[in-house]
**Student:** 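A single structure is presented below for examination.
Being a predicted model, the structure only gives us computed values, none of them experimental. The figures that follow rest on heavy atoms only: side chains count, while hydrogens, waters and symmetry mates do not. Nothing fancy with the numbering, it's 1 onward along the sequence.
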Amino acid sequence: MSGTTNSWLARQRKSDLVELARDVGITSLDGLKKSDIEQQLDNFLSQNANRFSSDSRFTSYFNSRARQSPIKRESDVTPNRAPRRRATNKVEVEIPAATIEESDSIPSTTSPSPEPDSKQAPAPSEVLHAAAQVTQDAIVSTAQSAVQNVQNPGHALSQLNNTFSSSTLRLPASQAELAQAVESGTLAVRNRVTDFYRRSGIHEKAETVRESLSTVNSVAVTVAAFELYFLRKEVIPDRYAFTIPAVKLLGGMLGWNEYPVYVPDMFALVTAGFWIPALVWTTTSLILPSLFGYFFNLSVAHSNPFSTNSGPMTRRQSRELSKREPEYAVDPVTFSIAKALITYVVYAQGVTLGGWLDPDAVFRINGALYSGWKGVLVGAAVTGVSGLYDAVLRK
């Protein structure tokens, strides 16, 4: 008994070797080690090579034996019983030993020494007969293997795992291993996404933006920007620039139609049609309400530590009060109230403040703003409520 077994058998697990041994007819396996089972299988398969050479389960085994040295093959395989190969153009046919015995005229192509040129070449009919016999045996073996796999799915999975054991692809042995592999992949993807999110600094930037917008001034600026969005189309009208051509993909399922592109007419900045409405809106919505909010600033009076009920303040008290910065330079509540009153008087009642405001500009602004003067009143109410809510939270 040789001390070195087949390399393919050495790579198999003991349970797979036991199953293969029982399939070929070896039953006395109790108490044997893995190496002993490998040795028995190697000896049994080498002695019955004609019987199992066409079995798909032992294809890797016989391929491994074919890669061994010629000395080992000559010592393990019985002479005149070894499978022979007939090489043709781009086709390699494996001829069983039974066919070789029936057709002794076919020369051996696996002999270590070249044959003399005086030998007669095989007839084409003999080669075709041998190829047909090999094909028939392969079809029968494949059919038998398919029936066995259908009757025994566990054996089919074990056979498939043995087929890929020598490559990098390895199928999960059980449902628990499959679940563990899926969980490991999911955890790796989650860790990569979390690491990318942390390195991108999105969270810190979002916190900075939220802190900047969480003020009454930000609310007032947002309301003013909303009004300017609609006013811009009136004072700086759009002009046609070009057209994006239509694109149709997949028979019209994807794509878009022609889309004309308009851009603001910046030449309007040098005309009176822009400056007069812009100055009227700036005066009624920003300048006059800011003046009222600055002088009627309730936050300044609230921050005064000196009681006005005890009499007029001294110069020292006035200097100390001037050094204290008020909570708001412009009181947001007073600003909102003044803006609402001015908007109602100018845009709803048509007051021109002694002719300082152009009636045509007032009419254009009132028609351009969202919902006219009523929309401006709603914006003033929003900023006023925001100022009151902020004052309550500061208490």
**Student:** Can you find a pair of side-chain heavy atoms, one from E19 and one from S15, that are under 4.5 Å apart?
**Tutor:**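 No, their side chains stay 4.5 Å or more apart.
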
**Student:** For a 4.5 angstrom cut-off between non-hydrogen side-chain atoms, does L357 reach V346?
**Tutor:** yes

**Student:** Could you check whether any side-chain heavy atom of Y328 comes within less than 4.5 Å of a side-chain heavy atom of V216, counting everything from C-beta outward?
**Tutor:**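 They are in contact (side-chain heavy atoms under 4.5 Å apart), so the answer is yes.
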
**Student:** Does any part of the side chain of Y61, heavy atoms only, come nearer than 4.5 Å to the side chain of L45, both counted from C-beta?
**Tutor:** yes

**Student:** Please check this pair: side chain of N43 against backbone of Q39, looking for a donor-acceptor N/O pair closer than 3.5 Å.
**Tutor:**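 Flag set: sc N43 to bb Q39 pair under 3.5 Å.
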
**Student:** Quick one, E183 and T186 - any side-chain contact, counting heavy atoms below 4.5 Å?
**Tutor:**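 No. Closest side-chain heavy atoms not under 4.5 Å.
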
**Student:** Look at the side chain of N366 and the backbone N and O of V362, then say whether any donor-acceptor pair between them is shorter than 3.5 Å.
**Tutor:** no

**Student:** Report yes or no: does Y344 contribute a side-chain atom to a donor-acceptor pair with the main-chain N or O of W373 at less than 3.5 Å?
**Tutor:** no

**Student:** At their closest point, which heavy atom of A361 faces which heavy atom of V280, and how far apart are they?
**Tutor:** CB-CG2, 4.0 Å

**Student:** For the residue pair P237 and R239, what are the closest heavy atoms and their distance?
**Tutor:**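 P237 and R239 have their closest heavy atoms at CB-NH1, 3.5 Å.
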
**Student:** I need the L213 CG to T222 OG1 distance, nearest 0.5 Å.
**Tutor:**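 Going from the CG atom of L213 to the OG1 atom of T222 covers 6.5 Å.
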
**Student:** I need the F292 CZ to L341 CG distance, nearest 0.5 Å.
**Tutor:** 8.5 Å

**Student:** Output yes when a side-chain donor or acceptor of K34 lies under 3.5 Å from a complementary backbone atom of Q12, and no otherwise.
**Tutor:**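 At least one qualifying donor-acceptor pair exists.
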
**Student:** If I take atom CD from residue E234 and atom CD1 from residue I365, how far apart are they, to the nearest 0.5 angstrom?
**Tutor:** 9.0 Å

**Student:** Between R192 and D195, does any side-chain N to carboxylate O distance fall below 4.0 Å?
**Tutor:** no

**Student:** When rounded to the nearest 0.5 angstrom, what is the spacing between CD1 in I276 and OG1 in T271?
**Tutor:** 9.0 Å

**Student:** Less than 4.5 Å apart, side chain to side chain, heavy atoms only: is that true for L32 and Q40?
**Tutor:**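 They are in contact (side-chain heavy atoms under 4.5 Å apart), so the answer is yes.
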
**Student:** So do the side chains of V24 and L20 get within less than 4.5 Å of each other, counting heavy atoms only?
**Tutor:**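 When only atoms from C-beta onward are counted, L20 and V24 do not touch, as no gap falls below 4.5 Å.
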
**Student:** Please check: side-chain N/O of T383 versus main-chain N/O of A380, any donor-acceptor pairing under 3.5 Å?
**Tutor:**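 The answer is yes, because a donor-acceptor pair under 3.5 Å joins these two groups.
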
**Student:** If you count the non-hydrogen atoms of other residues, nucleotides and ligands that lie under 6.0 Å from NZ in K248, is the total more than 12?
**Tutor:**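 Correct, the count exceeds 12.
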
**Student:** Which atom pair, heavy atoms only, marks the closest approach of P359 to T352?
**Tutor:** CG-CG2, 4.1 Å

**Student:** Please give me the minimum heavy-atom distance between A246 and E258, naming the atom from each residue.
**Tutor:**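 Smallest interatomic distance, heavy atoms only, reads CB-N, 3.7 Å.
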
**Student:** With under 30° as parallel and over 60° as perpendicular, where do the rings of F58 and W8 fit, or are they tilted in between?
**Tutor:**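 The rings of F58 and W8 stand perpendicular, inter-plane angle above 60°.
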
**Student:** Does the plane of the ring in F52 sit parallel, tilted or perpendicular to the ring in F44? Use 30° and 60° as the thresholds.
**Tutor:**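 Answer is tilted, since the angle falls between 30° and 60°.
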
**Student:** For the OH atom on Y197, are there more than 12 heavy atoms of other groups (residues, nucleotides or ligands in this structure) within a distance under 6.0 Å?
**Tutor:** yes

**Student:** Keeping S218 on the side-chain end and S212 on the backbone end, is there a donor-acceptor pair under 3.5 Å?
**Tutor:** yes

**Student:** Classify the angle between the aromatic ring planes of F226 and F230 as parallel (below 30°), tilted (30 to 60°) or perpendicular (above 60°).
**Tutor:**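 Answer is perpendicular, since the angle exceeds 60°.
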
**Student:** Counting neighbours of CD on Q349 that are heavy atoms of other residues, nucleotides or ligands and sit closer than 6.0 Å, is the number greater than 12?
**Tutor:** yes

**Student:** Give the minimum heavy-atom separation between P245 and W256, together with the two atoms involved.
**Tutor:**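 The pair with the smallest heavy-atom distance is O-NE1, 3.1 Å.
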
**Student:** Any salt bridge between R210 and E207, counting N to O under 4.0 Å?
**Tutor:**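 Salt bridge present between R210 and E207.
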
**Student:** Hey, is the main chain of F196 close enough, under 3.5 Å, to the side chain of S200 for a donor-acceptor pair?
**Tutor:**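 Such a contact is found between S200 side chain and F196 backbone.
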
**Student:** I'd like to know if K14 pairs up with D36 as an ion pair, taking the criterion as any Lys NZ or Arg NE/NH1/NH2 lying under 4.0 Å from an Asp or Glu carboxylate oxygen.
**Tutor:** no

**Student:** Any chance OH of Y240 has more than 12 other-residue heavy atoms, nucleotides or ligands included, within less than 6.0 Å?
**Tutor:**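 Enclosed: over 12 neighbouring heavy atoms sit under 6.0 Å from OH of Y240.
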
**Student:** Side chains of P264 and R232, heavy atoms from C-beta outward: is any pair under 4.5 Å?
**Tutor:** yes

**Student:** Hey, does the side chain of D390 reach the backbone of S386 with a donor-acceptor pair shorter than 3.5 angstrom?
**Tutor:**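 No: the side chain of D390 does not pair with the backbone of S386.
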
**Student:** Using atom types as modelled and distance alone, determine if a side-chain donor or acceptor of D331 lies under 3.5 Å from a backbone N or O of T334.
**Tutor:**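 It does hold such a pair.
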
**Student:** Do you know which two heavy atoms are closest between P277 and V235, and how far apart they sit?
**Tutor:**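 Closest heavy-atom pair between P277 and V235: CB-CG1, 3.7 Å.
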
**Student:** Once you round to the nearest 0.5 Å, how far does CZ of F62 lie from CG of D55?
**Tutor:**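 Atom-to-atom, F62:CZ and D55:CG are 8.5 Å apart.
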
**Student:** Under 3.5 Å, side chain of D42 to main-chain N/O of E38, donor-acceptor pair present?
**Tutor:** no

